[in-house]
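Written out below as structure tokens is the structure these notes cover.
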Amino acid sequence: MDLNGIRVGFAFTGSFCTLDKMEAQVQSLLQAGADVFPIFSTHVQTIDSRFGSTKAYMERIAALTGRSPIRTIEEAEPIGPKGVLDILLIAPCTGNTLAKLAGGITDTPVLMAAKAHLRNSRPLVLSLSTNDALGMNFKNIGQLYPVKNIYFVPFGQDDPVKKPHSMTACVDKIPETLKLALEGIQIQPVLQSKS
């Protein structure tokens, strides 16, 4: 399956060090013909970091996609009843978002989008970026991995010496992961070397 004409929700959470990589992935999906709907977590909307202004970042993503971002829980909720998306990608998916998703918590626009989208039995793809994937969040990965309609972008340890609990997704595999998830297939192998 290709991505031409596919309605892709692209939900951004607060792994600020990876946002530039996500912007490149938005461009890649648009070049593949996808219709990209940006969704921003509250933290991405309100926290500036050493990686730059989030306001400027959101403006760039809106300009790229030609769509006003979804920024509130109220704006995200209709994704389900209206069947807005074919597939939803959370990228980056932080440990905080992962833990809340595993716990059924919907207190951000991204989590509400995920809940609303999953009610339609459509694929949700997670692109991890968390410093505690092999720590407190390991159980949440294990809890979500076998859940129907949830798929993972392949991931691995990004710095096993200095950050032994940290794992990030192989973001260059996002398009392929989405294509397979649309067919109900988890891309393999999921665990990959990042070196």
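Just so it is clear, the values below take in all heavy atoms, side chains as well, and ignore hydrogens, waters and symmetry mates. The structure presented is a predicted model; accordingly, all values stated were derived computationally and were not measured.
Judged by distance alone, the side chain of S28 and the main-chain N or O of A24 form no donor-acceptor pair under 3.5 Å. A donor-acceptor contact shorter than 3.5 Å is absent between the side chain of T13 and the backbone of S41. Panel note: side chain Q25, backbone I174; no donor-acceptor pair is recorded below 3.5 Å. Judged purely by atom type and a 3.5 angstrom limit, D132 has no side-chain atom pairing as donor or acceptor with the backbone of G135. The backbone N or O of Y151 sits nowhere less than 3.5 Å from a side-chain atom of Q186 that would complete a donor-acceptor pair. Listed for the D2 side chain is a donor-acceptor partner under 3.5 Å among the backbone atoms of N4. Panel note: side chain K139, backbone M136; a donor-acceptor pair is recorded below 3.5 Å. Not one N or O on the side chain of R71 forms a donor-acceptor pair closer than 3.5 Å with the backbone of T42.
N96 and T94 share no side-chain donor-acceptor pair at under 3.5 Å.
Between R7 and D35 there is no salt bridge, since no side-chain N of the basic residue sits under 4.0 Å from a carboxylate O of the acidic one.
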Using the rule given for salt bridge (Lys or Arg N to Asp or Glu O under 4.0 Å), can you reason through E59 versus K55, listing the C-alpha separation, both sets of side-chain angles and the distance that settles it, and then say yes or no? CA-CA 6 Å; E59 288 171 354; K55 182 177 185 291; 2.7 Å; yes
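Note: Y145 and F152 meet the aromatic proximity criterion, with ring centroids under 6.0 Å apart.
Paired with L128 under the rule side-chain contact (heavy atoms from CB on, under 4.5 Å), one option of I90, T168, L98, T97 passes, and it is L98.
Side-chain contact check for K179 versus L3: some heavy-atom pair is nearer than 4.5 Å.
Within 6.0 Å of the NZ atom in K100, the count of heavy atoms belonging to other residues, nucleotides or ligands exceeds 12.
Below 30°, between 30° and 60°, or above 60°: for F12 and F40 the angle between ring planes is below 30°, a parallel geometry.
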